[in-house]
Number of protein chains: 2
Amino acid sequence: MPVLAKSRRSGSRGEPEKTRAAILSAALEEFAQEGDSGARTDEIARRAGVNKALIYYYFKDKEGLYAAALEQVFSGLHERVMSILNRTDMAPREKLLLYVQTHFDYIASQPVYPRLVQREFMRNAGRTLSPVANRILEHYGKPLYQKLEELVRDGIRSGAFRKVDPVQSITSILGTIIFYFITIPAQQIMRTGDPTSPERIAERRAAVLDFVSSALFATDDAVNQKGKS
Amino acid sequence: MPVLAKSRRSGSRGEPEKTRAAILSAALEEFAQEGDSGARTDEIARRAGVNKALIYYYFKDKEGLYAAALEQVFSGLHERVMSILNRTDMAPREKLLLYVQTHFDYIASQPVYPRLVQREFMRNAGRTLSPVANRILEHYGKPLYQKLEELVRDGIRSGAFRKVDPVQSITSILGTIIFYFITIPAQQIMRTGDPTSPERIAERRAAVLDFVSSALFATDDAVNQKGKS
DNA sequence: GCGTGATAATTAAACGGACGGTTAATTCAA
DNA sequence: TTGAATTAACCGTCCGTTTAATTATCACGC
């Protein structure tokens, strides 16, 4: 990490931004592992190697820290994925496959992400999500779903995709991509070996692409002429 | 929902089993909603309409209650699903579709189930699951995966299924079935309307069957469905 | 260059409420 | 009378949050 010559702004010892980042990183792990309420501020501070009070110095309170953690993972995904979905130079099939790969790879590169996210989206107090999750979904989730829906419609219109319900198929695709990662702890029992090893991840990646392709793509133009039951 | 069966005077012999069941039921909701550590024993007692001490009277401690809750949902699924997977009078395609329907319907009938389960399987303290989840998976998860794997192999061997990796495709299928339910809170924001309404559930059910069928079944011109194997 | 405040970064310690769990007393069917 | 079922009240601890003190760095006048 290059020491920024100029950004030695002010303060006392250490680098404030580095400290902040350390806290955030520790929080990501702890939140993903234990969940919102299960995460302990003491443990986060310990992991980050800083005093607990710094959490409240940099992020107002536990919820503020939580929001920052969610924001970080989501903005990263959003950036990568949307740049693909906004492209206009690709046919639906290639575009969808590239999207799936990108989404998959992002999750695989941030093993902490899926559990963090999934946890949050399962937690509906009564009937509504937490304000934090709500904001995240409005900001990142909706545009993603919208673009994906558009893509699927394009694919269907052009005959590249089967005539599926766009929204439903998106849910299925997301499930196929994400499910493996959120069940990794369970898979350590169900199967032998390490589900997070590069080989296993590669194996899963290929399987996801195959599964989605087969589920969504029309089986060659000629074949889909025959009526379906 | 709070069935205050005040019929019996509460004092000593109300109905013990009814009380126990009330606690368990309340626990299921609370655990599913708030998670293991998020759930509050006071709240569970309140929902069940009983004194908090009864939780410790019937179930040793919070973890005992949690284990009982997991046990209940899993045994119910196990019972329904295994009876299908053990049948020998069905061709792979029908068997798999029936399995998917049954699994789906069970979840749909117990909206509390998927979040409860998913929560648990995401929580790996360090490197291993909780002892409770471990036991559940050994007892219910492994046999299920095993039977499903067998089924997929049969399907491939008979030519009814594409030549997929059995284990990977099972993960994909499970993801397709379950993902909708564990993201219901999020879907209340992403789409309009109630994702838990019968119409929506039916719509999702059809989509799952379609998605899985298309992903897994061989699209051979030759419909070599020979009925029994 | 050199004290000298000012301020940002960091810490130790403690507070107060929440929450899991306990206990001793009470009720009521058999 | 016995004992299972139930309750109110309590306890100790964990944990999020606050506060006050401390350390280091910078700005600046001298």
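Below, chains carry the letters A, B, ... as their sequence lines are ordered, and counting in each starts from 1.
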Worked verdict on B:E71 versus B:S75 for side-chain hydrogen bond (donor to acceptor under 3.5 Å, both in side chains)
CA-CA 6 Å; B:E71 175 73 26; B:S75 63; 4.8 Å; no

Verify whether the ring centers belonging to A:Y106 and A:Y113 lie closer than 6.0 Å.
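Under 6.0 Å, so yes.
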
Run the salt-bridge test on A:E17 and A:R20 with the 4.0 Å N-O cut-off and return the result as yes or no.
no

Where each residue is assigned the nucleotide of DNA chain D containing its nearest heavy atom, which of A:A53 and A:D42 is assigned the position nearer the 5′ end?
A:D42

Do B:I184 and B:F181 have side chains that get closer than 4.5 Å, going by heavy atoms?
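Counting from C-beta outward, B:I184 and B:F181 do come under 4.5 Å.
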
Go through it in stages, so that I can follow the logic: the residues are A:R46 and A:E43, the test is salt bridge (Lys or Arg N to Asp or Glu O under 4.0 Å), and I'd like the CA-CA distance, side-chain angles, deciding distance and then a yes or no.
CA-CA 5 Å; A:R46 199 194 57 76; A:E43 177 62 15; 2.8 Å; yes

Base of C:dG21, side chain of B:K52 - is there a donor-acceptor contact under 3.5 Å?
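Yes.
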
Between [atom2] on [N] and [atom1] on [X], what's the gap in Å once rounded to a whole number?
X     : N      : atom1 : atom2 : value
B:Y57 : C:dT27 : OH    : C1'   : 13 Å
A:K62 : D:dG16 : NZ    : P     : 4 Å
B:Y66 : C:dG21 : OH    : C1'   : 20 Å
A:I55 : D:dT18 : CD1   : C1'   : 14 Å
B:N51 : D:dA4  : CG    : P     : 18 Å
B:R20 : D:dT6  : CZ    : C1'   : 16 Å
A:D61 : D:dG16 : CG    : C1'   : 9 Å
B:R46 : D:dA8  : CZ    : C1'   : 18 Å

Assign A:A39 to base, sugar-phosphate, or nothing according to its heavy-atom contacts below 4.0 angstrom with the strands shown.
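Result for A:A39 = sugar-phosphate.
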
Which nucleotide, [options], lies nearest any side-chain atom of [X]?
X     : options               : value
B:L54 : D:dT7, C:dC19, C:dA14 : D:dT7
A:Y56 : D:dT18, C:dG20, D:dT6 : D:dT18
B:R40 : C:dG20, D:dT17, D:dA8 : C:dG20

D:dG16 OP1/OP2 closer than 4.0 Å to side-chain N/O of A:T41
yes

Hey, is the side chain of B:Y58 poking within less than 4.0 Å of OP1 or OP2 on D:dT6, counting only N and O atoms?
yes

